[in-house]
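To start, the structure under review is shown below, and the notes come after it.
In what follows, residues are counted from 1 in the order of the sequence shown.
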Amino acid sequence: MIARSFAAALAFAAAVSFAGTANAQDVAAGEKSFNKCRACHQVGETAKNSVGPELNGLFGRKSGSVAGYNYSEANKNSGITWDEAVFAEYIKDPKAKIPGTKMAFAGIKKDDEIKDLTAYLKQFGADGKKK
């Protein structure tokens with residue numbers, strides 16, 4: 001009985017350890033995925049609006065609300081508040097989610113890549129500092 005409990009405890013510890021490592025890998029993979037976005041978007045403490053708006057503090061923000069960025073009417077009037085589910089749907093096919101958006105991007109189709117990108121973006125608060 002003790003051996004069985006010890007084995008279960010070891011298995012649990014290994015699973016927790018692996019989960020923490022996998023999360024770190026997800027963020028690293030998300031940073032790599034963000035390279036597809038970098039031509040138009042910035043994140044971090046020095047981020048500025050470019051072809052697209054800066055993406056600091058994206059999750060919880062209303063679509064079309066970054067000061068100084070000239071959004072399409074479709075984006076400003078979408079009524080979207082960015083969360084993980086909405087972002088996942090949007091990034092797969094931006095023009096399908098917000099018809100009339102200016103974002104010319106083919107999309108990211110793989111769910112795992114979207115989750116990694118989400119993990120990367122969620123690190124950045126509205127001030128661009130990592131949480």
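- Between the side chain of Asn75 and the main chain of Gly64, a donor-acceptor pair closer than 3.5 Å is present.
- Pairing each heavy atom of Ser72 with each of Lys102, the nearest pair is CB-CG, 3.7 Å.
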*Could you walk me through whether Cys37 and Leu117 pass the side-chain contact (heavy atoms from CB on, under 4.5 Å) check?*
CA-CA 10 Å; Cys37 311; Leu117 178 59; 4.2 Å; yes

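- Counting heavy atoms of neighbouring residues, nucleotides and ligands inside a 6.0 Å radius, atom CG of Asn70 does not exceed 12 of them.
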*Evaluate the criterion side-chain contact (heavy atoms from CB on, under 4.5 Å) for residue pair Met103 and Ile91; output intermediate values, then yes/no.*
CA-CA 10 Å; Met103 186 158 152; Ile91 203 67; 4.1 Å; yes

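- The OG atom of Ser63 sits 12.0 Å away from atom CZ of Phe87, with the distance rounded to the nearest 0.5 Å.
- At least one donor-acceptor pair under 3.5 Å links the side chain of Lys95 to the backbone N or O of Thr101.
- Ser33 OG to Asp116 CG: the interatomic distance, rounded to the nearest 0.5 Å, is 7.0 Å.
- Ring planes of Tyr90 and Trp82: perpendicular class, angle over 60° (limits at 30 and 60°).
- Interatomic distance, CG of Asp93 versus CD1 of Ile108, reported as 12.5 Å (0.5 Å rounding).
- Here His41 contributes atom NE2 and Asn49 contributes atom CG; the two are 10.0 Å apart, rounded to the nearest 0.5 Å.
- Panel note: side chain Thr118, backbone Ile114; a donor-acceptor pair is recorded below 3.5 Å.
- Between Arg61 and the options Val66, Thr81, Ile80, a side chain to side chain contact (heavy atoms under 4.5 Å, CB included) holds for only Val66.
- The local environment of NZ in Lys32 is sparse, with at most 12 non-hydrogen atoms from other residues, nucleotides or ligands closer than 6.0 Å.
- Once rounded to the nearest 0.5 Å, the distance linking CD of Glu89 with CG of Asp83 reads 10.0 Å.
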_From CA spacing to verdict: side-chain contact (heavy atoms from CB on, under 4.5 Å), Asn56, Glu45_ = CA-CA 8 Å; Asn56 291 329; Glu45 294 183 53; over 6 Å; no

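- Within the model, atoms NZ of Lys110 and NZ of Lys115 stand 14.0 Å from one another, a figure rounded to the nearest 0.5 Å.
- Taking the side chain as every heavy atom from C-beta outward, Lys130 and Phe124 approach each other to under 4.5 Å.
- Remark: the backbone N or O of Lys92 is paired with a side-chain donor or acceptor of Lys109 at under 3.5 angstrom.
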